[in-house]
Structures are given as structure tokens and as C-alpha cells.
Amino acid sequence: MLKKLHQCQWNKPPLHFPILSSLLFPKPSSSVSAAMLHHDHDHDHDQDHQLKTFAFGRFVGPAPRLYPPAELNRKISQFLLSHVLAGNRSFKDLHSLIYQIVQQEGSGSAPSICELLLNNFHGWDSNIVVWDMLAFAYSRFELVQDALFVLAKMKDLNLRASIQTYNSLLHNLRHTDIMWDVRNEIRDSGTPENEYTNSILIHGLCEQSRLQDAVSFLQISEGKDTGLSVVSFNTIMTRFCKLGYLDVAKSFFCMMLKCGLLPDSYSYNILIHGLCVAGSMEEALEFKNDMEKHGVEPDIVTYNILAKGFHLLGLMGGAWKVIQDMLLKGFNPDVVTYTILMCGHCQMGNIEEGLKLREEMLSRRFQLSIISYSVLLSCLCKSARFEEALILLYEMEALGLKPDVISYSILIHGLCKKGEVHRAILLYEEMCLRRICPNYFTHGAILLGICEKGNISEARKYFDNLITSDLVEDIVLYNIMMGGYVKLGNIAEAVQLYQKLTEKKITPSIVTFNTLIHGFCKSNKLEEAWRLLDTIKLHGLDPSVVTYTTLMNAYCEVGNIDGMLELLWEMEAKAVMPTRVTYTVVIKGLCKQWKLQESVKLLEDMRAKGLTPDQITYNTIIQCFCKARDLSKAFQLHDEMLLHNLEPSPVTYNVLINGLCVYGDLKDADKLLLSLEDQKVSLTKVAYTTIVKAHCAKGDVSRAIIFFHQMVEKGFKISIKDYSAVINRLCKRCLINEAKYFFCMMLSDGISPDQEICEVMLNAFHQQGDLYSVFELLAEMIKCGLLCD
DNA sequence: GTAGGGTTAG
């Protein structure tokens, strides 16, 4: 009941703040959050109880609010008009007037409105129509409590509600058991059911996952006047498709025919959708032909389903063909068609094309939906283009589209993944303030963010709170937590969590295993990783492209290129499509074997397959050409990146600078760094340390000093490792004074020397016979506690 | 009253 009620739309206070506060302020005990989550439980229980009392018509509601005289008069005249309209059977106008009243009055207004009707219109002829329309309007606005209040009053007055009103209520209460109370009321009142009533009840049973009951209900409905309908069958078929039982869904399709009912476009579309989701495009297309043969014309929904099916398989070409077919049939693409296309572009990494479609839609005066925006938001976030994403969010608002829990979760997830947990939390708070209830996606995003920050104990606290609350228990949360441990190299803890989830009978997913495989590979336990492949199969799961790519990468890292290629072949034999990560790993393997031409060829193959190489792909191959001392080819690849609108990353420049330093001309490295600075290209500290180290090694200390100071000026945090790297190299070349210069700089920077750096310097001083410096350094070491005696 | 497009974890 709890979860079902969760899906209902009534307003709730933002209950999840406590979890957040425990995240922001690590101190408070975790039980506080758990207690608050249980409060959530009670809250739902109360609401359930309240509704039940309503449903039996014994509710003593809040006192009716008192209207000021002017408002009272206005309301009375509105209802006067309502009665006149009802009397004239002007139902359309009556309908809009009552809707307007309910919209004005809002939630909780039923007691006062009822009081007003009782006081002023008691016994009027058209009373029943007005009362019924009022209950109906409340129900349509999802103000269920108000609707039930009106119905209870009607019962007192012996006014029988219409089946339309009851049906609407049934629909709103389909997630709860109260649905049956309403149904009993219908029976008691003697209101005749219509053909919709049963299908709503069946829908409710389906949504409550009581599929068996739904089927029994369908069977007992057979033969009654208002019994079997195509809609009931469609509803049940939808449910079976969603559960992946396509054969069962098909058998219901046949049963429908046997019962003499003709499948409609919904029936066909439901099955075609099920087949597409299962990846059976061929059969889906057969069904479409079948549909045409039986005189049911495929509609825009059919085409969209098929296009999405191709998209799911990564076959955008097929999707395009479907859409062209659709255009030829005279259908215009609708917002769903556009969204599928946007999604296709975005997933191929072509955000710009996706954004162009948005412009096209706007210029054609198409209203983008919240879903179209989500697609774009997700894509922008994946590329860390948060500012643009936020602009889109504001654009949505300006168009009157209120971002929902998914839009927010996308942004929160994107920010967390890039380590901007603080900004993510601000959005989380904004979302709660707007009474948008976070779901496990949102919580998962925050958990991921804490893990990314490396704050594993804090993450675990958050995780434990979530899973002990019993409200959110999901394999994804386990996967994220396990991923957090693996990232820190703590495979043991990840395995423990795996055991815990098995004990709790939670079904692991392929990601669970991929995470463990990744962990074992990282700890150089390749055999254990390999063994998990069998475990995956034992669980009836198929290794995914990530499984293969992770293992391939591990083989590549240990230099077993043949092993890597074997996995690639196995993967291809199983028709698992390689991603750009897979390609990048293979390119890395080929580079290790110095198969440069082949790796360039693979880069071209990728593009031919519609996979866009990313910075990492290029960096891998550029690095290889640098090592092969083919710097001109390395730079040519860099230019190719620009040509393809792929912005080289700071790592690209580190690779190139390192290439010039080690395998080329150091002067060119200097020039490159200076020109990048001029162009305000963003660089990391590594660019500077690389060039500084190169100058130290080659003995041009003055240039090393210049670049070192530039690095400091740029605000990079200098560590003892950076000083050691420089001092080591200087000592190696016996540049003692220069080494001392950096040593002093380090001390004045507040960094204490370590044993290793001191030994290197002592060694160099001894070699030079510079005893004075030896004593000086020994004194410094005593000061730092590095020498005990 | 029934069908289609969006968010996770590696």
C-alpha cells in the first residue's frame, strides 16, 4: 500500500530533508534520518485512513471556511447559473463553469461548497446534476478527498452519482485498495456500471501488480453486458509486455480474437512496442504489416515505436528509414518523433545536432515537452556543459514547463558525477522546496557524488540510511556503493556488499558484476575477474559490452594483446556492439604493439560505424605517435580533432608537450606552452611539471625556474612530489646550488622535506665534498624530526 | 479507461 500511495499525486511535505542534513552535517546520528523516513510511512498511513473514512461517508471534515459576504454572493450567483445551465441541459457550459469554480477554490474547499449548496439550493430540480458535476470536477483535478466529501454528502441527500463520476474516482484511486470501497459504493447505490468501469478496475489491478487477479477479473467479466472490452485486453497485454512476457501478451491477443473482439491500433502498438523493447525488430515489422493487412492503419505512434526500436539497437539508420516511411504516408513528425531523433543524435555524441532539432521545433512553433528537454539536459550534463543546461532549465520554466523529478535528477546526477556535489545539493534543496519529491534516482545521484568525492565513510552512512529506510532498496544503490569502494581499490568491502545483497535476496544486475570485475582487474586479480564471467552466466545474465571492455582493458594493461583480441572476437560473435571505449582499448593495445597504421585505420572504422572518437581515443593514439618520434603525425591528429569539433583536452596538450620534451625539440615544447597560454587554453599542472622536469634534466635551470614560477603564479597547488622531481633531477646533474634554491623555496612554501629528498641531497653534497652543506641540511633534518640523534 | 519519447551504477 505504501508504495502504491507513493505514486499518488497528493501533495506531501518535503520529507527527505533529514537525509540531506545528515549529509551536510555529518555529526547528527543516522537514526534521526531513519526515524524521519519512518515518519513518511506513518504519513501515508494517515492519509490512507483518512481516505477510507471518507469513502464510507463518515468523515467529520474540517469546518467549512466562511466566505466574506461579497464572495459568498458571487459564489451563490455562480451556482445559480449552474442550476440554470443544468436545467437547460447546457452541459458543456455547466462543465466549464464548475471546472472554473473548482479550480478557483482548490484543495480542501469541498466542505464550504457543499455547505453553500445545502443552504441555498436544497431541493432544487437540477440539484443532482450540479452535485454530480462538482464531484466529477474535483476528481478530474485529482482532488480526491474533496471528491469523496461531495459524494458522502450526496449519499446523505440520497442523490445518486453518475457512473462517469465514479469511474473517474476509480481511476484516481486505482493504486489503492480504496478502489474496491468505491466499487462497493457503486454496487450499493445501484448506479449501472458502464463498459469503462471494468477496464479501470483491471487497470488498477495491473498497476498494483495483481496480474493474476486482473486476469480472473477479465474471465468473470465475460458474458456480462459491460464485460469484455478491447481496452481491458489491451491493458493486460501492456502489463505482460512490460514484464517481458511477450508470449503471454500474444496469447491474449489471440484470445481477444476468439472472443469476437477486433484488435485496434492500441492492441497492435502494444505488441509492436513489446517486441521493439525486446529487440525483435523483424517480428515487430511483421506485426506492422499484419496490422495493415487487417485494415488497422499504422498511426504515428506505430512509427514512433518502430523508430525508437531501431534507436535502442543503435541502428539510427533504421530509425531514419522508419521516419521517412512515415513522412511518405503523410504523417508529420510530432514531438515524440523529434524527441527520438534528438535522443539518437545526443547518444551518438552530436549534441549540436540535437540542439539544432530544438531550434527547428521552436521555429515550427512546436511546443517542446518536458521529455524533449530532459534528453538535451542529459546530453549537456554528460559533457559537463552545466551552464547551458541551466539556461535550458530556465527556458523550460519560461515556457511554463515545470521541471519534474527526472529533470532535476539529471542535473543533480550530472553535477555529482563531475564532483560538483555542492551545486548538486543546492538543486536538491530547490527541488524539495518546490515539493518535488526526490526518488531513488535522485538519492543515487547524491550517493554517487559523495563516492566521487572519495568520502567513502560518509557515502556509506548515506547508503545505510537509504537501505534501512526500506523505502528505497535498489540494486543500483548497491552498485554505486560497491563502485565507490572499487574506486578506492577496496575490493574486499565491495565483495562484502555483494554478499549482503545476495543474503537480502536482491537480484544482482550485470553492472554489479561489471563493478566487481573492474575491482578485481584493478587489484591485478585477473583470474578472479575471469571467474566472474561464469557467475554472470549462472545468474542468467549476458556479459555486456562493459564486461568485455573492462576485461579487454585489463589484458591490454598486462600486455596480453592476444587475450584482448580473443575477447573482442568473442564479443563480436555474440553480437555485442563495441562502444567507443571498446575501440579506444583496442587502439591502446595496437599501440602497445606499435601497430600504428592499424590503430589509425581503427580510428577511421569507428567514424564509419557512427561512433565518435573522444579525447581519450585521440590522446591514446597521439601518445603512441609521440613515442614513435613521429611528432608531425601526432600534431596532424591534434589538427584532426579540431577539424571534427573535438576540443583537445588538457591531457592532449600534456601528451604533446611531453612528446616534444622527450622525443622532440625542447624549444618547440616551450613555444607550444607559451602559445597555449596566449590562447588562454586551459592547462593542468602536469603541462608545467613536464616542461620544468625536462629543463632540469637537460640542465637549463633558468628556464626551469621561469616555468616553475609560472606554475605557482597560475595558482596550482605545488606538492612535495613536484619539488622532489625537480631536486632529484638537479642533484643527478650535480647542480647543487640550484637544488638548494628549490629546497629553500619548498621550505618557505611551508612544505616539510621527507627522508627521501634529504638523502638525495646529502648524497649529492657528499659527492661534491660540500661538507658545510651536509651539516646545514642535517641541522634542518633534526628540526623536522627526520633525524633522531 | 488502453499504446509511443526522458534520468541511474561500470
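All values below were derived from every heavy atom in this structure, side-chain atoms included, with hydrogens, water molecules and symmetry-related copies excluded. Just so it is clear: chains get the letters A, B, ... in the order the sequence lines come, proteins before strands, and each one is counted from 1.
- Remark: F386(A) CZ is packed, more than 12 non-hydrogen atoms of other residues, nucleotides or ligands lying under 6.0 Å away.
- When heavy atoms are screened at a 4.0 angstrom cut-off, S544(A) is found touching base atoms of the nucleic acid.
- An OP1 or OP2 oxygen of dG6(B) is reached within less than 4.0 angstrom by no side-chain nitrogen or oxygen of K382(A).
- Here dT7(B) is the nucleotide among dA3(B), dA9(B), dT7(B) with the atom lying nearest to any side-chain atom of I406(A).
- Here the nucleotide nearest the side chain of I200(A), chosen from dT2(B), dG6(B), dG1(B), is dG1(B).
- Using a 4.0 Å heavy-atom distance criterion, T550(A) is classed as making no nucleic acid contact.
- Protein atom CD1 of I305(A) is 12 Å distant from nucleotide atom P of dG6(B), rounded to whole Å.
- The side chain of S374(A) sits closest to dG6(B) out of dG5(B), dA9(B), dG6(B).
- The side chain of H413(A) places an N or O atom within less than 4.0 Å of a non-bridging phosphate oxygen (OP1 or OP2) of dA9(B).
- Within 6.0 Å of the CD1 atom in I616(A), the count of heavy atoms belonging to other residues, nucleotides or ligands does not exceed 12.
- We find that CD of E207(A) is positioned 8 Å from P of dA3(B), with the value rounded to whole Å.
- Judged purely by distance below 3.5 Å, without hydrogens or angles, the side chains of Y485(A) and R460(A) pair a donor atom with an acceptor atom.
- The nucleotide whose nearest atom lies closest to any side-chain atom of T235(A) is, among dT2(B), dA9(B), dG1(B), dT2(B).
- Across dG6(B), dG1(B), dT2(B), the shortest atom-to-atom separation from the side chain of K308(A) is found for dG6(B).
- Remark: E452(A) engages K487(A) in a salt bridge, criterion side-chain N to carboxylate O under 4.0 Å.
- Atom CG in D334(A) sits about 15 Å away from atom C1' in dG6(B), given to the nearest Å.
- Nucleic acid contact for T442(A): none, since no nucleic acid atom lies under 4.0 Å from a heavy atom of the residue.
- Atom CG in N172(A) sits roughly 12 Å away from atom C1' in dG1(B) (whole-Å rounding).
- Stacking of F441(A) onto the six-membered ring of dT8(B) is not present when judged by under 5.5 angstrom between centres and under 30° between planes.
- If you check dG1(B), dG5(B), dA3(B) against the side chain of V336(A), the one that comes closest is dG5(B).
- Heavy atoms of V511(A) sit under 4.0 angstrom from at least one base atom.
- More than 12 heavy atoms of other residues, nucleotides or ligands shown are found within 6.0 angstrom of NZ on K537(A).
- Here the side chain of V375(A) is nearest to one of dG6(B), dA9(B), dA3(B), namely dG6(B).
- Considering only side-chain atoms of I340(A), the nucleotide from dA9(B), dG5(B), dT2(B) that sits closest is dG5(B).
- Taking atom CG of residue D404(A) and atom P of nucleotide dT8(B), one finds them 14 Å apart after rounding to whole Å.
- Looking at heavy-atom distances under 4.0 Å, S407(A) makes contact with a base.
- Rounded to whole Å, atom P of dG6(B) lies 20 Å from atom CD1 of I412(A).
- A salt bridge links E395(A) with R358(A); the closest basic N to acidic carboxylate O contact falls under 4.0 Å.
- Residues K329(A) and E297(A) are not paired through a salt bridge, judged by the lack of any N-O separation under 4.0 Å between the basic side chain and the carboxylate.
- Put simply, the side chain of N198(A) and the base of dG1(B) share no donor and acceptor less than 3.5 Å apart.
- Contact annotation: side chain of S369(A) to base of dG5(B), donor-acceptor pair present below 3.5 Å.
- In this structure, K417(A) does not reach the dT8(B) phosphate: none of its side-chain N or O atoms is under 4.0 Å from OP1 or OP2.
- The distance from atom CD1 of I410(A) to atom C1' of dA9(B) is 16 Å, rounded to the nearest whole Å.
- For T238(A), the listed nucleotide lying nearest its side chain is dA3(B); candidates were dG6(B), dA9(B), dA3(B).
- Rounded to an integer number of Å, the gap from E452(A) CD to dT8(B) P is 14 Å.
- When heavy atoms are screened at a 4.0 angstrom cut-off, V405(A) is found touching no nucleic acid atom at all.
- Candidate nucleotides dG1(B), dT2(B), dT7(B) were compared by shortest atom distance to the side chain of S199(A), and dG1(B) ranks first.
- Contacts of N167(A) with the nucleic acid, taken as non-hydrogen atoms under 4.0 Å apart, are absent.
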